[in-house]
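Here is the structure we will look at, set down as structure tokens.
The basis for the numbers below is simple: all heavy atoms, side chains too, and nothing from hydrogens, waters or symmetry mates. Every number for a ligand or one of its atoms is a count from 1 in the order of the listing.
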Amino acid sequence: MNHDTICALATANGIGAIGIIRISGDDAISVSAKIFEGKNLEKAPSHTVHYGFIKDGEEVIDEVMISVFKAPKTFTAEDSVEISFHGSPHIAKRILEVLIKNGARMAKAGEFTMRAFMNGRIDLSQAESIADLIASENEASRKVALNQLKGGITNEISFLRTDLLNFVSLIELELDFAEEDVEFADRTALNQLLDKIEAKLNSLIESFQYGNAIKNGTAVAIIGKPNAGKSTLLNALLKEERAIVSNIAGTTRDTIEEILHIKGHAFRLIDTAGLRETADEIEAIGVKKAKEKVENANILVYLADSATKDFSEDIEMIKSLQRDDLKLIICATKIDEVSPAQYELVENIFRKEISQDFDFITISAVENQNMQDLKDELSSYVEQLKSEESNVIITNQRHFEALRKSLEAVNKVKEAITFQISTELLAYELRNALEHLGEISGEVTNDEVLGNIFSKFCIGK
Ligand code: GDP
């Protein structure tokens, strides 16, 4: 195992009250001791903090606090040191330079976490959950990542794996006694176990839809004819969020998405750039453009002006955008301008013409009426994705793929039993299933997968 000493800035790169540099490896303490004026760190007990100065030769660089952590009870399970300095990027650079001059090297992205994994402190899904925790932007994603850090997924998987492993041993024993034609592994019991595993895998796989909503947010498209009230609604929705609203560049196209948080879940309002800017400059949105917007959406909020007499264009537009996996919310807007009888009429028109199931809401963005109904509808979409059966939620694409492959392999084993295929082949299929299950926790892994996972971390993590 490579225990060379690595260092990196652990806090965000920028000005702050305090910055922290982290050092880990066999020489972490001796290298730090060489550049520290204060207590002799090599004699310091584990998990203690010391006041002093970082020096480059005779020159004092900064006044610092140094924490000493001795293996194995550290994040990486190696000797580790943390230097808290006055949070200037320049000071960080100087301290890192002195550390490198004295025998440490710059850490690669994710290298601290990778060491924690390599040294058996955490499994792979826990390492990934650390990246998720750092990236979490809302309550739901924070909770799921934390649950995973505590070993949630691995617990579920390892219990399945152990049971399966027992059967593999029995089947392989049969191979050893092939000439005697004995069956150590009770096929009925194996089948029952496979059914159980299949059900578990299915419920974990199903949870991915909810997991995805938690991790990446739910995509919402707001569509309607010019003047329907789209930008007014958008502004009203985002008004309370203004302080925490973030603009993120869309990953697939150069669009701006705005994030709305409802009950701890994130909703990504798709391509709202135009809406915010062109409040009075009316620009007709064609079906083609609308289709593009809705393509990646989970929810379509269609706005129709309650005062309109003719809804045929709206109906046509909705019909052309409908999709089975797209939740449709039709919103009659500007209800402060019309009587209840009018918006009842509007609802009837849509109910008659639109065959797909949809929710109908009446709102006034200007008078702030029923805005909560809309938020509740959005939020109920995410709630109903929650699986009743599994309290572990899959949020990671890699886990999802591994679960799907495991399920495929389990089905092949079941087929093998049904068709009474040779014991050799059965053993092969069982091993295959075991392997895919092991990929999640990292019990079975390869360098390429590892490199891929850890390279996505930031340096210093
Ligand atoms: P967009 O073209 O769909 O973005 O529509 P706008 O949001 O720009 O609204 C068009 C017009 O309708 C503006 O004059 C708004 O002030 C008005 N409007 C929007 N929502 C409401 C509402 O709830 N009540 C009333 N009375 N007027 C509204």
Side-chain angles (χ1 to χ4, degrees), residues 219-242 245 247 250 253-260 262 267-322 326-350 353-354 358-378:
V220 182
I222 301 176
I223 305 243
K225 290 200 317 195
N227 261 330
K230 298 179 293 296
S231 58
T232 310
L233 172 71
L234 184 71
N235 284 322
L237 282 174
L238 293 174
K239 198 161 66 195
E240 301 151 30
E241 291 257 335
R242 189 74 16 109
V245 156
N247 285 330
R253 289 172 295 149
D254 284 335
T255 58
I256 301 289
E257 291 182 348
E258 273 174 287
I259 311 280
L260 178 69
I262 305 170
F267 292 83
R268 290 183 286 115
L269 306 176
I270 299 176
D271 197 6
T272 50
L275 290 186
R276 302 300 297 276
E277 286 151 20
T278 56
D280 41 25
E281 172 199 327
I282 294 161
E283 187 191 314
I285 154 164
V287 174
K288 187 166 168 274
K289 180 94 199 300
K291 271 197 166 148
E292 269 173 34
K293 276 181 76 163
V294 169
E295 200 174 299
N296 297 314
N298 306 105
I299 303 177
L300 163 61
V301 178
Y302 191 90
L303 304 195
D305 188 336
S306 304
T308 310
K309 297 276 173 292
D310 179 3
F311 291 98
S312 52
E313 273 176 39
D314 299 283
I315 288 161
E316 205 178 303
M317 175 81 101
I318 293 173
K319 281 185 174 166
S320 73
L321 297 176
Q322 273 177 333
L326 181 70
K327 178 185 166 95
L328 174 60
I329 302 174
I330 298 179
C331 234
T333 60
K334 312 187 194 178
I335 54 163
D336 54 294
E337 283 188 336
V338 298
S339 66
Q342 168 67 10
Y343 50 79
E344 266 169 36
L345 192 75
V346 176
E347 175 165 10
N348 286 337
I349 293 172
F350 282 107
E353 297 290 335
I354 308 283
F358 65 88
D359 297 297
F360 185 81
I361 296 175
T362 56
I363 56 161
S364 163
V366 166
E367 305 256 302
N368 199 16
Q369 280 181 55
N370 302 347
M371 295 292 282
Q372 192 56 42
D373 291 354
L374 178 58
K375 288 185 190 173
D376 289 347
E377 275 308 329
L378 293 175

CG on Leu300 to CG on Leu321, rounded to 0.5 Å: 6.0 Å
Val301 side chain near Lys230 side chain, heavy-atom distance below 4.5 Å: no
Run the numbers for me: atoms of ligand 1, each under 4.0 Å from some heavy atom of [X], listed by number.
X: Ala228; value: 3 (O), 5 (O)
X: Thr232; value: 6 (P), 7 (O), 9 (O), 15 (C), 19 (C), 20 (N)
X: Glu337; value: 26 (N)

Pick from Lys225, Lys334, Lys230: the one approaching atom 17 (C) of ligand 1 most closely through a non-hydrogen atom: Lys334
Proximal candidate to atom 27 (N) of ligand 1 [heavy atom criterion; set Leu233, Ile363, Val366, Asn368]: Val366
Heavy atom of Ala365, distance to ligand 1 below 4.0 Å: yes
contact_flag Asp336 ligand 1 heavy-atom lt 4.0 Å: yes
side-chain hydrogen bond (donor to acceptor under 3.5 Å, both in side chains) partners for Glu316, two or more places apart: none
Residue pair Glu344 / Asn348, side-chain donor-acceptor N/O under 3.5 Å: no
Polar atom proximity, Glu367 to ligand 1 (N or O, under 3.5 Å): no
Within residues 300-313 or reaching into it, pairs that qualify as salt bridge (charged side-chain N to carboxylate O under 4.0 Å, His left out) - sequence neighbours excluded: Lys225-Glu313, Asp305-Lys334
Donor-acceptor contact present, side-chain Gln342 to main-chain Ser306, <3.5 Å: yes
